[in-house]
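What follows is a set of notes on a single structure, which appears directly below.
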Amino acid sequence: MKSLYLAPLQGYTNYIFRNLHNKYFGGIDKYFSPYLRFEPKKEYKKSTFNDLKPENNEHINFIPQVLGSNIQQFIELAQLFKSWGYKEMNWNLGCPYPMVTKSGLGSAMLQNATEISQILESVLPKIDISISIKCRLGFTNDNDIFNVITELNKFKLNEIIVHARNAKQMYGDKPNYQIFKQIIGLSKNKLAFNGDILQIQNIEYLTKLFNDDIDTFMIGRGLLKNPFLASEINGKVLLQPEKLKILKNFHNELFDKYQQKLEPSHLLTRLTSHWEYISFFFENQHKTFKKIKKSSNVNKYLTSVNEVFNNS
Ligand SMILES: Cc1cc2nc3c(=O)[nH]c(=O)nc-3n(C[C@H](O)[C@H](O)[C@H](O)COP(=O)(O)O)c2cc1C
């Protein structure tokens with residue numbers, strides 16, 4: 001049996017999305033939060049923890065993700081999450097954006113495997129929650145991962161989820177399957193694969209390529225495009241009319257939940273960014289997205305959405 005995870009996607013997979021995904025589509029074994037950056041030290045706003053609180057994640061298997069390298073703050077967050085009943089916390093070593101990497105954080109840390117090791121050596125004895133890591137193959141090349149895996153072998157981690165690209169590639173080019181395959185035999189910790197899983201065939205291909213050694217896959221944009229993907233990989237088959245009905249109900253509840261939180265212009269921006277992906281679900285994705293995107297107010301948006309669903 002495969003384990004399927006929803007990838008953290010800042011701006012998309014907040015608790016509202018995670019809970020509704022679980023309610024309408026399911027098939028996900030772990031839902032990860034987008035990262036909480038704990039460095040440089042600043043007073044957290046009260047709202048910072050909303051997305052991570054147990055009461056907002058009680059119906060899903062939820063893993064909070066953090067980003068930073070400060071040992072004391074790492075420990076404090078781990079203790080906080082433990083006190084909330086969480087058993088695992090995920091450490092982001094993959095973020096490719098300069099606002100993060102310029103401070104030596106996220107994927108920039110992959111260049112310095114011994115620093116990663118030193119941080120874990122200081123943190124792990126002081127915390128009572130297991131740590132998993134989400135990383136890339138490297139910062140500017142695909143080979144940093146070899147040193148990183150060797151260092152991580154010194155520790156007992158819950159798992160290491162590898163997005164099989166380097167940070168310079170951002171989200172372009174193909175994932176490097178061969179390098180991922182090479183680290184399977186090297187890692188003492190469990191590995192999970194992430195990168196460009198868009199359809200069932202991708203999982204079948206990778207499972208074969210990795211000789212059945214990998215049974216855990218994290219999916220991001222593939223689930224934004226087709227939220228049924230995880231349940232389909234698990235063998236659940238639905239006919240298109242049924243899917244459309246579910247998708248429409250999901251959309252309507254997502255709309256209602258965001259409407260309670262956001263003022264109209266933010267509401268439209270937020271929902272339109274989802275349509276950039278979900279329009280792939282429809283026959284003519286470009287036409288669909290264009291139609292939604294040009295809605296200049298909430299009423300026009302709702303009219304366009306109704307037309308898209310009614311004409312599909
Ligand atoms: C808009 C966006 C936001 C993301 N935010 C995060 C994040 O907060 N934490 C993280 O570890 N990865 C983040 N990622 C990376 C994804 O989790 C994932 O590793 C990447 O999209 C590759 O997987 P996919 O091809 O299945 O989407 C983000 C990616 C995108 C496109």
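Everything numeric in this text was worked out from a predicted model, so none of it was measured. Each ligand, and each atom within it, is numbered from 1 in the order the structure gives.
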Under a 4.0 Å heavy-atom limit, does [X] contact ligand 1 with its side chain, its backbone, both, or neither?
| X | answer |
| --- | --- |
| N194 | side chain |
| N92 | side chain |
| Y171 | side chain |
| H163 | side chain |

Taking atom types as modelled, is there a side-chain donor on [X] or [Y] under 3.5 Å from an acceptor on the other?
| X | Y | answer |
| --- | --- | --- |
| Y5 | E159 | yes |
| R18 | Y31 | no |
| D51 | S33 | no |

Specify the protein heavy atom at minimum distance from atom 12 (N) of ligand 1: its residue, its atom name, and the distance to 0.1 Å.
K134 NZ, 3.0 Å
Suppose we measure from atom 17 (O) of ligand 1 to each protein heavy atom; which comes out shortest, and what is that distance?
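The closest one turns out to be P8 O, 2.7 Å.
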Regarding ligand 1, does M218 bring an N or O atom to under 3.5 Å of one of the ligand's N or O atoms?
no
Are any of the N/O atoms in Q65 less than 3.5 Å from those in ligand 1?
yes
Measuring centre to centre across the rings, with the benzene-like ring taken for any Trp, is F193 within less than 6.0 Å of H163?
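No; H163 has its ring centre 6.0 Å or more from that of F193.
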Do Y301 and H251 have ring centroids that are under 6.0 Å from one another?
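Under 6.0 Å, so yes.
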From the list D196, N194, D173, side-chain hydrogen bond (donor to acceptor under 3.5 Å, both in side chains) partner of R165 resolves to D196
Which atoms from ligand 1 have a heavy atom of I219 less than 4.0 Å away?
26 (O)
Short list, please: which atoms of ligand 1 are under 4.0 Å from a heavy atom of D196?
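Those atoms are 24 (P), 25 (O), 26 (O).
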